[in-house]
Amino acid sequence: MYKKEYVSIEEAMRIGKGKVALRGWVYRERGSSKVKFIVLRDSTDIIQCVFERKKFEKQWGEIDKLQIEASVKISGTIKKDKRAPTNFEIDVDEIEIVGTSENFPINKYQSEEFLLDVRNLAIRSRKLSASLKIRSTVMGALHEYIRSLGYTEVEAPSFSGETSEGGSEVFKFNYFGKTAHLTQSWQFYAENLVSAFEKVYAMAPSFRAEKSKTSRHLTEFWHFEVEAAWADMEEIITVAEGCVQNVIKNVLIKNKKELETLKLNKNRLEKIEIPFPRITYRKAIEKLSEEGYNIKYGDDFGAKEEKRLAEYFNNFVIVTNYPLEILKFYHGEDPKNPGLGMNFNILAPGIGEVIDGSQREPDLNKIIERLKKAKINLGKSDWYLDSRRYGSVPHAGFGLGVERLVQWICNLDNIKNAIPFPRTMTRLTP
Ligand code: 4AD
Ligand code: MG
């Protein structure tokens, strides 16, 4: 017996010869009365393992009964074998069955809905876990990049006595006899925080009671939000572009294997360059109506229109200067174009809006006027305006939907596969 130092499957294949010890789960199994083939899976890869009956007379009964997803420890000799699924094979000397498995409910041919019902098990799939590894890179890269620009991470609560973005898309619940709301955005806090930290960011879940069952809406999504004192729209757009570019760069370096598992073309990522092309809201409306889209000045874009806009440029595209009537009260007004906002949306090809940002309105009286016009009473959120009452400064910020960016990078049909356990109108478990 040799001392067992467990290595990952990836590491074992790098070593490529000699004795190795591995731990993992049965990914596939087949066999005859003389030999059993098990493809073993761990978090890094899969590898074929061969059991010859003559070496395992005592354990054969157990080995023969091994079911998909049973957990095992094995040791044996690794060698190259072109016929094996990952070009390596292990001739097993020893096996310890750690956990047997019941009949695994997932097979090759199952509906998306069923896979969501058993998401806790489906998450073991190589494709889903590849997307989620990319998601982890995206998260890490956003933190890393924004910190490198001198931003401080400052958190805010997830529930509150009042709403931030307002509208009907807010979840309410009973909080010791009072009504509380799940946060839709960190922005109200951010605009106050800039007076203490100047450059701030947060990575947190946002909650939207969206009734829309679309391929790009979740009721809980991870929101990367950034806010900077003294910044104008140009500066914050540059930060947003840098975030996207850095994320893509990191995925290309760190997720070669996952991109392969997902059969994704690296080119699609490599060719994204900053600065992104820009179009004003007015021009975008003109272009779309010329093409026969049923949209006029003053309408907001739907998913269809946003996708088309990004398609024109075959790139991420920045749409700027929406009319104030369709913007929230906090977006600043463009002094050169009264009636238009100093705001932008960044759209991703095939998805649409991924980032929403603006230069904020710093003037207390103007903001109060806008609130009146929109018939909004801030109520308990009146503290938000303190940012304008006590040393207001120009500032700008944006929010990026992490799942939408992951959805684009991984080319996923549905946003649900960009988050481990999606929450939608109809899904609260697992
Ligand atoms: O456009 P939104 O609603 O903007 C805000 O919340 C601002 N307060 C952000 C800010 O300036 N700090 O949301 C920002 C982004 C969207 O562009 C989109 O990517 C994502 O959040 N998002 C969603 N992602 C998944 N499911 C949903 N229901 C989403 N709603 C918004
Ligand atoms: Mg938006």
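First listed ligand is number 1; within each ligand, the first listed atom is number 1.
Look at R427 and E112 and you find no salt bridge, because none of the NZ, NE, NH1 or NH2 atoms lies under 4.0 Å from a carboxylate O. The pair K257-E10 counts as a salt bridge, with a side-chain nitrogen and a carboxylate oxygen less than 4.0 angstrom apart.
For the atom pair CZ of F221 and CZ of R423, the computed distance is 15.5 Å after rounding to the nearest 0.5 Å.
Counting heavy atoms closer than 4.0 Å to ligand 1, residue F398 contributes backbone atoms (N, CA, C, O) but none from C-beta onward. Contact annotation: for W222 versus ligand 1, there are no heavy atoms closer than 4.0 Å.
In this structure, F224 has its ring center at least 6.0 angstrom away from the ring center of W186.
Looking only at heavy atoms of the protein, atom 11 (O) of ligand 1 is closest to R360 NH2, 2.9 Å. Here the heavy atom of the protein found nearest to atom 19 (O) of ligand 1 is V354 O, 2.8 Å. At the shortest separation from atom 28 (N) of ligand 1 among protein heavy atoms lies L218 O, 2.9 Å. Among protein heavy atoms, atom 6 (O) of ligand 1 sits closest to R208 NH2, 2.9 Å. Given atom 8 (N) of ligand 1, the protein heavy atom at minimum distance is Q187 OE1, 2.6 Å.
Using 4.0 Å as the threshold, E210 has a heavy atom nearer than that to some atom of ligand 1.
In terms of polar-atom proximity, E353 is counted as a contact of ligand 1, with an N or O under 3.5 Å from an N or O of the ligand.
Among the heteroatoms counted here (N, O or S) of D356, OD2 is the one nearest to the Mg ion (ligand 2).
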Under the criterion side-chain contact (heavy atoms from CB on, under 4.5 Å), I'd like the reasoning laid out for L324 against L327: C-alpha separation, chi angles, the key distance, then a yes or no. CA-CA 5 Å; L324 287 185; L327 290 179; 4.2 Å; yes

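For ligand 1 and E225, the ligand atoms under 4.0 Å from any heavy atom of the residue are 8 (N), 9 (C), 10 (C), 12 (N).
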